[in-house]
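Worksheet: the structure to be examined is printed underneath.
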Number of protein chains: 2
Amino acid sequence: MDVKTLCLGVLTEGDKTGYEIKRCFEDAFSHFFGAGFGSIYPALAGLSRAGLVSCRSVEQDKRPDKKVYSLTAAGHRLLVEELMATPPRHKVRSEFLVLIYFAHLLPPERLAWIMDQMIARWRQAVADIETCTTAAEGLAMTPGMRFAAGYGRAMLGAALAYVREHQAELVGAVAEIAAPATPEPLPLAGD
Amino acid sequence: MDVKTLCLGVLTEGDKTGYEIKRCFEDAFSHFFGAGFGSIYPALAGLSRAGLVSCRSVEQDKRPDKKVYSLTAAGHRLLVEELMATPPRHKVRSEFLVLIYFAHLLPPERLAWIMDQMIARWRQAVADIETCTTAAEGLAMTPGMRFAAGYGRAMLGAALAYVREHQAELVGAVAEIAAPATPEPLPLAGD
DNA sequence: ACCACCATGTAAACGGTTACATGATTAC
DNA sequence: GTAATCATGTAACCGTTTACATGGTGGT
């Protein structure tokens, strides 16, 4: 599954410009799928060439023209086909956890800073989901959207809880390794 | 942060062959970082060229020679530098959640199958973490490794709990959308 | 017989990120 | 005046994934 499929997907909710699609991605998918202009615009161009979306230019005063994309019947069909054929993968790529894994190679202050960063970011992410769901309240919100939002909240909550509970423990343990209670000089300096 | 850095990282635990490094990745990092032979072997070759790891060939009987890599002093220094310079990112890329988000476009049976798949996979992942941590019990397990394993367990537990609790709700809501006109009253309908 | 494990590598394809390029409007 | 928003696109770069290529051992 690539950005093209996601574009077809958001267009089922109504016609949109490339710019608006990016907004959609940020609001709805940001915690489980990322995409920037550099992948959205080429994707849209490709879909248009393939007849899976149609495109009309809309003039605006005091702004450049915008291109509004609509899903075609063929596009809708392909979307469903692709969704049916997509194996349910779920990958995490976390530099944060790599850093944690090698915590003993870092100064304790750096480690504490890293965890504070993540806590702050996750807090923000929870707030963003809350904002989006209350903003979409009353509007057409499918069961899937609700489920995905709830999943995001649950995961972020669990992550925050785990880090908060084990943060002090980890920093303490690493500090002990870095500066052991024994004043014995370690021979591991190695140059 | 790329595969090269991770290779340097696992080599701090002791000398290893490319094959063993891949095993390490699977055991320790699989729930937050992925890498296959196709990225590990070229990474090791590059590190060797740059003098960040050294390499010695070991003959084996009845097996092809293996190349055992060791971290050099320069490699260790670069690793720490890289870890210090790495911003703590944490990205999820989930085709599963995309599928869920567009649940209303899928047949309810498919949706149920998708969730069953994820539940099974996550259960397996929990079991794998348990196996690895008990296997490494008593051995050198750094605080960071324990933290990362615990984090994995916590996240998988939360994911499983959330999906289990909201699975029926979602499938039910989607089934209603898929077949809205059924005048058939539900068995427990009190509304 | 066939599959999994051990063991190493290459090369092409694919897709995403980042930087570049342009330019007007509105709000602080 | 400086930043953010609206609005579109290209091109180089980077790294991963996947498929290919080889080959002996050990288990069901």
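Chain naming here is simple, since letters A, B, ... match the order of the sequence lines and numbering starts at 1 in each.
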Legend entry - Salt bridge flag under 4.0 Å for residues B/Glu81 and B/Arg77: no
Legend entry - Spacing of A/Arg23 atom CZ relative to D/dA7 atom P, expressed in whole Å: 10 Å
Legend entry - Salt-bridge contact A/Arg23-A/Glu20 (side-chain N to carboxylate O under 4.0 Å): no
Inset, instruction - Starting from C1' on C/dT8, measure out to CG on B/Leu47 and report it in whole angstrom. - result: 16 Å
Legend entry - Comparing B/Val68 and A/Val3 on DNA chain C - which has the more 5′ nearest nucleotide: B/Val68
Inset, instruction - Look at the side chain of B/Ser39 and decide which nucleotide, out of C/dT8, D/dC6, D/dT16, has an atom nearest to it. - result: D/dT16
Inset, instruction - Check every strand shown and say whether A/Phe25 touches a base, only sugar-phosphate, or nothing at a heavy-atom separation below 4.0 Å. - result: nothing
Inset, instruction - Answer yes or no on whether B/Lys22 is positioned over the face of B/Phe37, meaning its NZ or CZ is under 6.0 Å from the six-membered ring centre and within 45° of the axis. - result: yes
Inset, instruction - Could you tell me the separation between the CZ atom of B/Phe37 and the P atom of C/dA11, rounded to a whole number of Å? - result: 19 Å
Inset, instruction - Report which part of the nucleic acid B/Gly38 touches: base, sugar-phosphate, or nothing (heavy-atom distance under 4.0 Å, all strands). - result: base
Legend entry - Closest-nucleotide 5' rank along DNA chain D - winner of A/Arg93 and A/Tyr41: A/Tyr41
Legend entry - Separation of D/dA7 P from A/Glu59 CD (nearest whole Å): 14 Å
Inset, instruction - Please determine if A/Lys16 forms a cation-pi arrangement with A/Tyr69, meaning its NZ or CZ atom is less than 6.0 Å from the six-membered ring centre and no more than 45° off the ring axis. - result: no
Inset, instruction - Using atom OH of B/Tyr69 as one end and atom C1' of C/dG9 as the other, report the distance to the nearest whole Å. - result: 10 Å
Legend entry - Salt bridge A/Glu130-A/Arg153, side-chain N to carboxylate O under 4.0 Å: yes
Inset, instruction - Could you state the atom-to-atom distance from CD of A/Gln60 to P of D/dC6 in whole Å? - result: 11 Å
Inset, instruction - Considering just the side-chain nitrogens and oxygens of A/Lys66, establish if one lies under 4.0 Å of OP1 or OP2 belonging to D/dT5. - result: no
Legend entry - Residue whose closest nucleotide on DNA chain C lies nearer the 5' end, B/Pro42 versus B/Arg89: B/Pro42
Legend entry - Spacing between A/Lys4 atom NZ and C/dG15 atom P, to the nearest angstrom: 7 Å
Inset, instruction - Rounded off to whole Å, could you give me the CG-to-C1' distance for the B/Asp2 and D/dC14 pair? - result: 10 Å
Legend entry - Touch class at under 4.0 angstrom, heavy-atom based, for A/Lys22 against every strand present: nothing
